[in-house]
Each structure stands twice: as structure tokens, then as C-alpha cells.
Amino acid sequence: MEKVSTITGVAVPFRRSNVDTDQIIPAVYLKRVTKTGYDDALFSAWRQDPEFILNQPAYANPRILIAGPDFGTGSSREHAVWALRDFGFRAVISPKFADIFRGNAGKQGLLTGVVDEPTVERLWAELEASPGMEATVDLVARTVTVGNATVPFEIDDYTRWRLLEGLDDIGLTLRDEQAITDFEARREAWRPTTLPAR
Amino acid sequence: MTVAYTEHRPRTLAEKVWDAHVVAKGENGEPDLIYIDLHLVHEVTSPQAFDGLRMAGRPVRRPDLTIATEDHNTPTLEIDKPIAEPTSRKQIETLRANCAEFGIRLHSLGDIEQGIVHVVGPQLGLTMPGITVVCGDSHTSTHGAFGAMAFGIGTSEVEHVLATQTLPLKPFKTMAITVEGELKPGVTAKDIILAVIAKIGTGGGQGYVLEYRGSAIRSLSMDGRMTICNMSIEAGARAGMVAPDETTFAYLQGRPHAPQGAEWDAAVEYWRTLQTDDDAVFDAEVFLDANELEPFVTWGTNPGQGVSLSQTVPDPATIVDPNERAAAERALEYMDLAPGTPMKQIPVDVVFMGSCTNSRLDDLRAFASIIKGKKKADGVDVIVVPGSARVRLEAEAEGIHTVVEEFGGEWRFAGCSMCLGMNPDQLQPGQRCASTSNRNFEGRQGKGGRTHLVSPLVAASTAIRGTLSSVADLIADGHEVDPRFRTIEGATV
């Protein structure tokens, strides 16, 4: 995974709450067997509306999405993260994320920062006053800067450390392989096994 | 690192199962490493995970704790022919190749154990109390009905579990959802969970494991408990659980992979300890009066946007929170509904009876008990999709397929089908559907399709009357109904 520290780029004031992963990427795009090439799929239903914010020239090359609460609810599809990433997004800011989405994002180098609702309203107002304005998300300082406003965001220490270091989860876990083997040795016999098939 | 066995502290059910799976305790804000007892795999969220293993040269650590089935893309008609849609076929073929390469048991289309992954695990007796279950599917919460800790994961985590049989996880908070009382006839598990979600909201369970408790939960069958736990994710929770009891043990005993003999006895002895201790404290508590519940239905585009069927489409102008108000306005526009419209006046084009929420034998029996000997409303398509090939055969042994066909409905083969329309089963733009599935998101059942989430009983009643309806409405119309519904009071409820 690539290291993440400071992200600067066009920020999108995304005035929507409860953006579920079926909206981020409809199921019809989940039939692919690759991990990249999902940029065409991002918000595909909404993008058919010419008025949709990501169709506006000012937001042609966005890097930061600033959304309403309950972002990423619903299906566990990691394709939602891949689609945001392939479209160019490197950070999403919201007052509240769905758990699975946030976990998936952290494993793919997509930064998710939490700020409260009044702060999101303030960032939206700043961005809407100057469409296409750049913002900066600083993972070291845990701040978002939009124009003259610099506000803190929340991200847990462990995810932040992994993003800053670009660490691979499986590699981290395999440091504990002996503990896994020891645990397996004391598992009870009644626990299920799928093989041999009965 | 130390292993945590904190057996003297009063604990909730979720904490007991968690503690029993800690491989390595996280320190300084690091997550715990949690052992996974059962990993369920399907074709949609696994191809990139297997690719990752191949690139890193890693094997699957425990093929004997892993099982795969084909469900999301599988057709529900003409299953003996090659899958017509090339990308769906490719995804299925990729799963077959990956399972063969990595030694994973797979139940393919045409196999008696093929079906929706969350129907297959329980029917094989693989899902049991006190285990951890994961799958690259958010509705893995279903398996919590057995007192298992079961949750959905993303593809990176699928790869992680394939490689290590563990996941690094931070402990969840715990929330008690207590439902006391007796459900009225015509009110079901689906109505309980829709009411819970409307009460706490689609983000209300975020960060929590929900434990469903109380007399109304105890009185449910395993199929009903699975319906409730299934939709925990729709309240934002990763997992939902019900403590195991005699209903659980009776369901499991004798199933192919349930423990046998002395192992069964040892397991049941342990499973009986999987109750929340009397003095344990939940991080949050919610109460619901089962006596007050009515059939519930959604009007909007997220599962929290629901009301009792006897009510009207709400007016967004009365919603205080600006974000929620905007979401409601957008939802009504998408759903083409006007505020104040009685829910029961809303006509539908399609009734979908199926999905991992409501496609088990109890669900099909409930649906069939209402439609038996009747004809569907003109202009309404009725599609019935059993959750697995085995459920389909069991239903056929009871004659349910004949009941559906004589009603004018379609009796299909097993799979996820119109819950998310990855196969050809999709709504057309503008079509309105009463669906026993779990998500009413925009375009979920087909681009431009409009979804109302309902119970199997409401689905059946709606299929007869053509508008969203309850069993009570059938009685008011003078229909003969199954004797157990004749006690319904006030036929216009």
C-alpha cells in the first residue's frame, strides 16, 4: 500500500446524507474480477444527471469528498472504495461513516476523517462560495484546511499509523503466526469444519 | 502479548464470544487478533482476494474452515443452460477455478446445497452458537441468530482471512434490543426489525453488536431470528445476536455438520453458558413493545424510512433535522410518492418473495398460507425465489410450488435474485415492488425501480389485492384466511 500523509486537491461539497454503497457503485458493476478500472462506475446513476456535482467543470479532477452523515452504509462491497480511488479521490470527510466502508477504505489507502455536522456545513459553505477550490487534508496533523478554515478531524491512531507507513495488514498479522498456531491447537473439537463434506 | 480470558467479569453474550477468540490481545490502541471459525465465500467479493493470494504466493490457511457457494449472479430460470450474461458467467467460472486451485469446497449451481450463502451455512449445521463467522457480504449478520458472532467484511479482509484465518479487530460496543410481549397475528419478525431500524436509524447501530432479547424474540423460530439478525446491518450494526436456547439446539441437532455424540453434549454444555450475565452492562439499550407492533413497510430509499402499514407517507416538512429532511424529499421524489398518501393506497407492479432475509421454509410457508387457493391481482408479477436448492425441494415436498403456480406466481430456482438484480431478475425503470428483501436503496432492484420492504405476509396480501396490504385487509374483503389469522382484530388495522 502506498504511504499517505498530505492530500491537496479539489474538494467536493457533497450535500447528501446516507450515501449507501449501492449509490457509490451499483451492483451491475460488481461482476468484474479485477481490482481497478471502476472510475466509470462511481455514482453512475447520479452521474446521468447533468446537474450532478461531479459533472460540473469546476469539479473535473476531485481529490477530496466532503459528505453528509452515514456515508458508505449498506453492502460490504470494497468496490465502493476502489471506485472512489479510481475516480481520483484520496480522502473522504463525513460526520459519520458506516463501519465496513471505513474499514475497507483504510485497507486501500483512502483516508476517512470524521468531523461534526456543523463543521461539515461550514466546509460546504466555504467550498460552495468558490467552486473548484482546493483543500488540504493533513494526516500527520489530523486537520482539513479549506480556505482560511483549518479544522481537526478524527481518525483512530492505528489506522493513521498504517496509512502513514503504508503497511500491509496480512504482513502485520503474520508476525503473530505462532500465536495463531497455538490458538488452533487448543480449539474445541465441536467447532465446525467444512471438510470432509457431510 | 497475552491472551485475554476475563472470566470473572460480568459479560454480555458478544463479549463472551469475543474473548474466546482472541489470538493476540492488542496493546496501545492496536486491534485484537480474532480467530475466525467459519469463512463463507461467494463469487462477487472473492476474485480479487484470491488474486492477492496468488500474487503473494500464499496458500489458504484453513480450507477446512472455508466453504463457497454461487448465489449473487446465478439465474433463477433455465439453470441447466450456460449463464447467458458473459460477465456473470466469468465471475462464476472464476470462483470455480479459484476453489479448485485452493482446495475449497464449492456448491455450484445445480447442487442441492447451492443457494444464498446465508441460507446454506445454517442448513448444513455449520453455523452454530459461540463461533465467529465472516463472509464478504454485509448480511453475514444473519448467522448471529444462533449466538454466533457473525459479520460482513470487505475483499481485503476476505484475503486476510483466507491467508491467516484471523482478523485484526477493535472490540465492538454492545447494545441490547429488548422486545417484550406477544406479536399480534399477522405481525412477524420482519416487522420487528423494520420497526427497530425506523426507531434507531440507519446509523443507530454503528459500532455496536446488537443483542436481541425479550419474550418476543424467544418465541421466534430460528428462521424468524435469522430475519431479524440479517437486517442488523441496515441499522448500521456489524452484527446482531440472539442467545442460544432450546429452539437453537433443536434446529441444529442432526444437521450434517452439527456435532455428534459426546461432542454434541460438550458443545451444548458450553452453549448454555452463552447468555449475557445478569449483572453485565450494555453500552446502550433500546426497548420495543411487541404488543403494539403492526405490519411495517418502508416508504423511502433507506430501510429506516418506514411506517406502520396503516399510516400515511410522511411529510418531509415535519422533519426537523435538515439532512434527514433533504433525504426524505429526495426519497419521495425518487419513489414518486406524495406526502399524506395512505400506504395502503400504493399500487405495486411486482411482488418479490425471497432474499437472505426471507427465503427460508418458514417464510415460504407463511407466504403460501395466505395465497393458497386464491389468484393474484391482475397486472402484478409475483416472483418466488427459495433461498437454496434444498429449501426449494423441502417446499415442493409440501406442495408450496403448486400453491404459487396456481396463484399465478412464478416458482424459481435459488439465489439472491431480485434483491439486488445481479442476475436477470430486475425491476424495470419506474416499476414498484413489494419486496421481502432488505434494502430499498435507489436502483437496488434494477435501475429506476422502486422498493417497499415488507414481510412475507404483507407480500402475499399485496399480491392478492394489488396495493400494499395486510392480512387484516384480506379479512375485511371477505377472503377466507388460514385459521391462525382469524383472530385479527379490527379488520382495517
Checking the side chain of [X] only, and the main-chain atoms of [Y] only, is there a donor and an acceptor separated by less than 3.5 Å?
X: B/Gln206; Y: A/Asp99; result: no
X: A/Gln23; Y: B/Glu442; result: yes
X: B/Lys447; Y: A/Ala45; result: no
X: A/Lys96; Y: B/Gly203; result: yes

Tell me, side chain or backbone of [X] under 4.5 Å from chain B's heavy atoms, or both, or neither?
X: A/Ala179; value: both
X: A/Asp70; value: side chain
X: A/Phe101; value: neither
X: A/Thr181; value: both
X: A/Thr159; value: neither
X: A/Asp156; value: side chain
X: A/Gln48; value: side chain

Which is it for A/Lys35 and B/Asp51 under the side-chain contact (heavy atoms from CB on, under 4.5 Å) test, yes or no, and what are the steps along the way?
CA-CA 9 Å; A/Lys35 217 167 177 172; B/Asp51 250 4; over 6 Å; no
Near A/Glu154 CD, under 6.0 Å, is it more than 12 heavy atoms from other residues, nucleotides or ligands?
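At most 12 heavy atoms, drawn from other residues, nucleotides or ligands, come within 6.0 Å of this atom.
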Just wondering, more than 12 heavy atoms not from A/Arg122 lying within 6.0 Å of its CZ?
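No, because the 6.0 Å sphere around CZ of A/Arg122 holds 12 heavy atoms or fewer from other groups.
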Taking only Lys NZ, Arg NE, NH1 and NH2, and the carboxylate oxygens of Asp or Glu, determine whether [X] and [Y] approach each other closer than 4.0 Å.
X: A/Asp20; Y: B/Arg439; result: no
X: A/Arg187; Y: B/Asp37; result: yes
X: B/Glu43; Y: A/Lys31; result: no

Worked verdict on A/Thr73 versus B/Asn302 for side-chain contact (heavy atoms from CB on, under 4.5 Å):
CA-CA 10 Å; A/Thr73 54; B/Asn302 75 54; over 6 Å; no
Atom [atom1] of [X] and atom [atom2] of [Y]: how far apart are they, to the nearest 0.5 Å?
X: B/Leu33; Y: A/Arg175; atom1: CG; atom2: CZ; value: 10.0 Å
X: A/Ser75; Y: B/Ile233; atom1: OG; atom2: CD1; value: 9.0 Å
X: B/Glu159; Y: A/Asp169; atom1: CD; atom2: CG; value: 10.0 Å
X: A/Asp157; Y: B/Asn28; atom1: CG; atom2: CG; value: 10.0 Å
X: A/Leu174; Y: B/Arg61; atom1: CG; atom2: CZ; value: 8.0 Å
X: A/Arg15; Y: B/Asn323; atom1: CZ; atom2: CG; value: 8.5 Å

Under 4.5 Å from any heavy atom of chain A - which part of [X]:
X: B/Pro86; value: neither
X: B/Ala237; value: neither
X: B/Phe151; value: neither
X: B/Ala326; value: neither
X: B/Ile104; value: neither
X: B/Met422; value: both

Option that, when pairs with chain A are counted at under 4.5 Å, heavy atom only, ranks first among [options]:
options: B/Ser88, B/Ala56, B/Ala262, B/Gly52; answer: B/Ser88
options: B/Lys90, B/Gln165, B/Lys170; answer: B/Lys170
options: B/Pro63, B/Pro256, B/Gly205, B/Gly130; answer: B/Pro256
options: B/Glu85, B/His72, B/Gln426; answer: B/Glu85
options: B/Leu420, B/Ile67, B/Thr164; answer: B/Thr164
options: B/Thr45, B/Leu38, B/Thr202; answer: B/Thr202

Report, by ascending residue number, the residues of residues 188-198 of chain A in heavy-atom contact with chain B at a distance under 4.5 Å; give 'none' if the set is empty.
A/Ala189, A/Trp190, A/Arg191, A/Pro192, A/Thr193, A/Thr194, A/Leu195, A/Pro196, A/Ala197, A/Arg198
Exercise: identify the closest heavy-atom pair between B/Ser156 and A/Lys107
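The answer is CB-CD, 3.7 Å.
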Of all heavy-atom pairs between A/Ser76 and B/Ser138, which one has the smallest distance, and what is that distance?
OG-N, 3.4 Å
For the pair A/Thr173 and B/His160, evaluate side-chain contact (heavy atoms from CB on, under 4.5 Å) and give the outcome as yes or no after the intermediate values.
CA-CA 9 Å; A/Thr173 292; B/His160 196 114; 2.8 Å; yes
Most chain B-contacting option - heavy-atom pairs closer than 4.5 Å, from A/Gly74, A/Ala80, A/Pro69
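Heavy-atom pair counts peak at A/Gly74.
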For the candidates A/Thr21, A/Leu172, A/Thr34, A/Val28, which exhibits the highest count of non-hydrogen atom pairs separated by less than 4.5 Å from chain B?
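Top count of heavy-atom pairs under 4.5 Å with chain B: A/Thr34.
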Apply side-chain contact (heavy atoms from CB on, under 4.5 Å) to A/His79 and B/Gln48, showing your working.
CA-CA 10 Å; A/His79 310 65; B/Gln48 298 85 356; 4.1 Å; yes
Flag side-chain contact, heavy atom, 4.5 Å: B/Gln91 against A/Arg32:
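Of all side-chain heavy-atom pairs linking A/Arg32 with B/Gln91, none is under 4.5 Å.
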